[in-house]
Peer 1: 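Please see the structure below; I have some questions.
As the structure is a computational prediction, the values presented were derived from the model and not from experiment.
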Protein chains: 2
Amino acid sequence: MANRFIDKLEAFGPLSAQAVAALAKATSRPRKMPAKHDLIREGDRPGPVFVMLEGWAYRYKVLPSGTRQVLAYLMPGDCCDLHIGLLAEMDHSIQTITPSLVAMVGRPEMDTLLDEHRGIAKAMYTAQLVDEGIMRAWITSMGRRASIERVAHLMCELYLRARNIGLADGETFALPLSQLLLADSLGMTPVHLNRVLKELRVAGAMTLARGSLIIADPGKLIQIAGFDANYLHRRLRQAA
Amino acid sequence: MANRFIDKLEAFGPLSAQAVAALAKATSRPRKMPAKHDLIREGDRPGPVFVMLEGWAYRYKVLPSGTRQVLAYLMPGDCCDLHIGLLAEMDHSIQTITPSLVAMVGRPEMDTLLDEHRGIAKAMYTAQLVDEGIMRAWITSMGRRASIERVAHLMCELYLRARNIGLADGETFALPLSQLLLADSLGMTPVHLNRVLKELRVAGAMTLARGSLIIADPGKLIQIAGFDANYLHRRLRQAA
DNA sequence: CGGAATGTTGAGCGTCCTCAAGTTGGGTGG
DNA sequence: CCACCCAACTTGAGGACGCTCAACATTCCG
């Protein structure tokens, strides 16, 4: 009955059995999506809320010059903005990275979920606040960190997020991101990203190869990144 | 009775007389704040929602190295996250730029406003979506635009936002941001920002001096920035 | 009126980019 | 099962954008 989306929300606070059932029902007809498939494009009229049950996706913008900027990664359990339907058109696109299982929750159904289950609303608003915190961390990285720090910081973030949802246990986990995608996330060229990855490998901090990230020396990686996990808000406020 | 906050929300959709009255009541006891005063700091436990009735503020983070990154500007009528109280601690700080009038809306009162007035909830969620769109635009700028493009883009954004709330009419408006603050917004050094401003001035695009931005040639500025206003979402979806 | 904050300009340097030429690896069809 | 092909990755060389350090000018504010 449970799925990754429900698991994630429950990590933000207890949900009633009815709430879980309602969520399960709302996400019970997911669609299989191939890799590299646009779920929605900039300029499109927003439709249902996308919920990633399996697989990774990413938000991005393409500039007139053709360059791309990755804005966020969606991992299993993540969803896009709850109230997306209030806007007339999308200001960015969302594309799958791996083959995925995507549930689509219509706007009336989403409103009902939020209205009838306070626990769901709280968990979803918390999730959205965390996503905003991640965006702020990205802005900070892009503005004020050197390239090697940016790379290390993103790897720390992705590792923690993956571990939070049970996608990583040891120091190794599956990271299905190409160097091109990572470069477009970090405001770098693929060439330079490649050199930075080598530098991190030679330094004994981490190795990214064949879709797997191996964190050889967590302390060193954290230190290079200047990483502070507070913005992921794992410690939530107790009591309402 | 109306204030800048109510004006802003009404621009996102009609509000009932009761809704306006409830908003007016919730923001009826604003506090005067001096310039450069932290409203809340990273690590603090979130309290009430801050509503800027008059004056400018900015969100920022400070890295261990002491460098600062500006994350967003709050103009009159803007407020911080509605559900901020769900989190255990702030992941960034907020500081006034100018002397300001700030209303503080407690969490129960905010929840009541959202619950009892669908129009308020819709307007506030829309405002939050726009703020997120702005963050995405910033990430895009930092990652994929050259410094002169970044500067021009931010100026276009600030000008439009100011005009939307009646703070600019012609091609001139009051922009109370120091070059240091702008540099910390754009991931540049103050020295380089100064040179870029000069370049924009010499090119006849715009002049920033003594707290005023003069847009000499809007077309040129937009062209340099590669600016597309879609992310500010002025055109909202019609009908619910 | 004085001091501090802010803005301006110069010179030299380093990070990261561009262009270019491979190499490796994964997937597909014969 | 192998050959091929395309995407992804790797490495080198040279150049440009933006940084650092430093000195000075100007404006704001008490």
Side-chain angles (χ1 to χ4, degrees), chain A residues 34-37 58 63 65-70 95 97-99 141-152 154 174-203 206-214 224, chain B residues 34-37 58 63 65-70 95-99 141-154 174-203 206-214 224:
Chain A
K36 302 196 182 187
H37 178 264
Y58 69 109
L63 298 193
S65 63
T67 61
R68 174 179 63 170
Q69 176 63 47
V70 173
Q95 183 173 95
I97 294 168
T98 63
S141 266
M142 309 269 284
R144 288 293 179 233
R145 274 190 257 261
S147 62
I148 193 170
E149 299 167 351
R150 284 211 293 283
V151 174
L154 180 59
L175 191 66
L177 309 180
S178 69
Q179 292 186 8
L180 185 58
L181 205 54
L182 287 171
D184 282 346
S185 310
L186 296 164
M188 303 164 55
T189 57
V191 171
H192 192 58
L193 175 74
N194 182 278
R195 292 192 231 267
V196 170
L197 287 176
K198 183 177 181 181
E199 201 177 334
L200 285 167
R201 190 180 339 119
V202 169
M206 51 160 270
T207 301
L208 180 61
R210 281 183 230 146
S212 283
L213 178 66
I214 303 165
I224 292 173
Chain B
K36 303 198 181 187
H37 178 264
Y58 69 110
L63 298 191
S65 63
T67 62
R68 173 178 64 169
Q69 176 63 46
V70 173
Q95 183 173 96
T96 57
I97 295 168
T98 62
S141 266
M142 310 269 284
R144 288 293 178 232
R145 273 190 258 261
S147 62
I148 193 171
E149 299 167 349
R150 284 212 291 284
V151 174
H153 199 275
L154 180 59
L175 191 67
L177 309 180
S178 69
Q179 292 186 7
L180 185 57
L181 204 54
L182 287 171
D184 283 344
S185 311
L186 295 164
M188 302 164 55
T189 57
V191 171
H192 191 59
L193 175 74
N194 182 279
R195 292 194 231 266
V196 169
L197 287 176
K198 182 177 181 180
E199 201 177 337
L200 286 167
R201 191 180 338 118
V202 169
M206 51 159 271
T207 301
L208 179 60
R210 279 183 229 148
S212 283
L213 178 67
I214 303 165
I224 292 172

Peer 1: Does a side-chain N or O of B:K198 approach OP1 or OP2 of C:dT8 to a distance below 4.0 Å, or not?
Peer 2: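 B:K198 to C:dT8 OP1/OP2: no side-chain N or O under 4.0 Å.
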Peer 1: Please report the interatomic distance CG(A:N194) to CG(A:L182), rounded to the nearest 0.5 Å.
Peer 2: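 Those atoms lie 11.0 Å apart.
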Peer 1: Flag the pair B:V151 / B:M188 as yes when at least one side-chain heavy-atom distance between them is below 4.5 Å, and no otherwise.
Peer 2: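 Touching, per the 4.5 Å side-chain cut-off.
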Peer 1: Grab the CZ-C1' distance between A:R144 and D:dT20 for me, whole Å please.
Peer 2: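 Atom CZ in A:R144 sits about 13 Å away from atom C1' in D:dT20.
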Peer 1: At their closest point, which heavy atom of B:Y58 faces which heavy atom of B:T96, and how far apart are they?
Peer 2: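 Smallest interatomic distance, heavy atoms only, reads CE2-O, 4.3 Å.
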Peer 1: Give me the atom names and distance for the closest heavy-atom approach of A:M206 to A:L213.
Peer 2: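 For A:M206 versus A:L213, the nearest heavy atoms are CE-CD1, 3.5 Å.
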Peer 1: With respect to the phosphate group of D:dC9, does any side-chain polar atom (N or O) of A:N194 fall under 4.0 Å of OP1 or OP2?
Peer 2: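 Negative; the distance criterion is not met.
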Peer 1: Which nucleotide, D:dT10, C:dC17, D:dC19, lies nearest any side-chain atom of B:M188?
Peer 2: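 Nucleotide nearest to B:M188's side chain: D:dC19.
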Peer 1: Within this structure, what is the CG-to-P distance between A:L175 and D:dA8, rounded to whole angstrom?
Peer 2: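 About 15 Å, once rounded to whole Å.
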Peer 1: Let me know the distance between CD1 of A:I148 and C1' of C:dT15, rounded to the nearest Å.
Peer 2: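 Between C1' of C:dT15 and CD1 of A:I148: 12 Å.
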Peer 1: Can you identify which nucleotide, out of C:dA5, D:dT20, C:dT8, has its nearest atom closest to the B:K36 side chain?
Peer 2: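 Shortest atom-to-atom distance from the side chain points to C:dA5.
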Peer 1: OP1, OP2 of C:dC17 versus side-chain N and O of A:T189: anything below 4.0 Å?
Peer 2: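 Looking at the OP1 and OP2 atoms of C:dC17, one of them is under 4.0 Å from a side-chain N or O of A:T189.
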Peer 1: Tell me which nucleotide among D:dT27, D:dT10, D:dC19 gets nearest to the side chain of B:R210.
Peer 2: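 Selected nucleotide (nearest to the side chain): D:dT27.
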Peer 1: So which atom in B:P176 and which in B:T98 form the shortest heavy-atom distance, rounded to 0.1 Å?
Peer 2: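 Looking at all heavy atoms of both residues, the shortest contact is CB-CG2, 3.6 Å.
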Peer 1: Between residues 176-186 of chain B and DNA chain C, which residues have a heavy-atom gap below 4.0 Å?
Peer 2: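 Result for residues 176-186 of chain B: B:S178, B:Q179, B:L180, sorted by number.
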Peer 1: Figure out the CZ/P separation between B:R145 and C:dC17, and round it to whole Å.
Peer 2: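 To the nearest whole Å, that distance equals 17 Å.
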Peer 1: Rounded to the nearest Å, what distance is computed from the NE2 atom of residue A:H192 to the P atom of nucleotide C:dT15?
Peer 2: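 The distance from NE2 of A:H192 to P of C:dT15 comes to 9 Å, rounded to the nearest Å.
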Peer 1: How many whole angstroms separate atom CG of B:L197 from atom P of C:dT6?
Peer 2: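 Those two atoms, CG and P, are 15 Å apart.
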Peer 1: Side chain of A:V191 only, please: which of D:dT27, D:dT11, C:dC16 is the nearest?
Peer 2: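 When the side chain of A:V191 is considered, D:dT11 is the closest of D:dT27, D:dT11, C:dC16.
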Peer 1: Does A:R195 contact D:dG12 through a side-chain donor or acceptor facing the base, at a distance under 3.5 Å?
Peer 2: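 It does, because a donor-acceptor pair links the side chain of A:R195 to the base of D:dG12 below 3.5 Å.
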Peer 1: NA contact type, B:G187, heavy-atom cut-off 4.0 Å: base, sugar-phosphate, or nothing?
Peer 2: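 B:G187: backbone/sugar contact only, no base atoms under 4.0 Å.
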Peer 1: Rounded to whole angstroms, how far apart are CD on A:E199 and C1' on C:dG14?
Peer 2: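 It is 13 Å, rounded to the nearest whole Å.
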Peer 1: Which pair of heavy atoms, one from A:Q179 and one from A:L197, lies closest together, and at what distance?
Peer 2: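 Result for this residue pair: NE2-CD1, 3.6 Å.
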Peer 1: Step by step, work out the side chain to side chain contact (heavy atoms under 4.5 Å, CB included) result for B:V196 and B:R150.
Peer 2: CA-CA 10 Å; B:V196 169; B:R150 284 212 291 284; over 6 Å; no
